[in-house]
Amino acid sequence: MRVTGTAQRDAWLARTFPPVEQLCPDLWSVPVPIPDSPLRYTLTYLVAAGSGLVVVDPGWDTDAGWQALAAGLTAAGASPAAVTGIVVTHIHPDHHGLSARLRDACGGWVAMHPAERDSLSAFRWLDGDARRDDLAWLRDCGVPDDVAAGLAVTDEVLAAVLAMAEPDILLNHGDLVPLPGRRLRAVWTPGHTPGHLCLHEEAGNLLLTGDHVLPRISPNIGLQPHSAEPPLAAYLRSLEVVAAYDQAEALPAHEYRFHGLADRVRMLLAHHERRCEEVIAILARHGPATVWQVTQELSWSRGWASVTGFMRRAAIAEAAAHLRHLADEGRISTAAPGTDGPGRYRLRGATPGGGPVS
Ligand SMILES: [Zn+2]
């Protein structure tokens, strides 16, 4: 891997904010701040051609974020009103948060993959039962009631999700973003979310990787209560998809730009295999275990005690995704059906009460 966004990496290491940068004719990166997050900023991309101007991942919806986005547009010789369209790699609030405000300001379109639109719609269908459903899912993972009460979705979170923009345009794998004069093609990379998109800018051979592949951290791959497809298997397949863009410069949504996508993919594949082996070792030690028990025993970069709030919720979803993947691959088993209480996983061939049969 070779870092190409050296000013971004210097800023990352110095814990400052990277500059707005022009990467090639009519393409800029703009850091938009994320409040209270170790990620600190989203790298928003501005892509222009003729009278068209597309914003990819406008960032988190705060006034500071809006000002940073507007400053980036000014640096590019434009303004929010000049934007013709918005593409989001996925609907997480650090990417899609500002889309509604930007669309109001410019009257343009919002585009995303159909599976992201479906995720937004799923929140709408949940209505007032969202918290009850979520508590039931957490209980099924073995999370104690008092802990679950602090982790389940709240009305406030739900309201923020429901305020986010619905799409005007759906982009499927292989579709071109509507930007006449520039070929920006959607590459479907499910895993981090079901409809995550990377975007390939063909003339400059640039791959906007969203959160799918970042140079330093591994994106959260979490099993969600109503996941249609197991996310880890999808993510591993999507990594192979972007490894084919090894000659492209990677333009991620966080951290810094780099070359060497195939190398980075190999590192991420190895990371998930190590994580799977760690889960198996925990089950070997522990005997049958719930998602919650496995979550607490997994290693976390800052230690389990510092994994709190939203991070704790993401950790549970990540452990659940690995357990589900190992069960789907036949490497571990779920407890016999009909068992009361939370679901448990165990090694294949293990006795119901404990360690492996010798
Ligand atoms: Zn993100």
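None of these values were measured; they are calculated from a predicted model. Just follow the structure's listing: the first ligand is 1, and inside any ligand the first atom is 1.
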* Check His192, His272, His322 against Tyr235 for a ring pair (Phe, Tyr, Trp, His ring centres under 6.0 Å) and give me the one that passes. => His272
* Asked: Does the ring of Trp137 carry Arg313 above it, NZ/CZ under 6.0 angstrom from centre and within 45° of its axis?
  -> no
Check [X] and report its N/O/S atom nearest to the Zn ion (ligand 1), by atom name.
X      : value
Asp211 : OD2
His254 : NE2
Asp94  : OD2

* Asked: Backbone or side chain, does His90 get an N/O/S atom under 2.8 Å to the Zn ion (ligand 1)?
  -> no
* **Which residues share a side chain to side chain contact (heavy atoms under 4.5 Å, CB included) with Pro144, sequence neighbours left out** => Asp146, Val147, Trp292
* Judged by atom type as modelled, is there a donor-acceptor pair below 3.5 Å linking the side chain of Asp134 to the main-chain atoms of Val153? -> yes
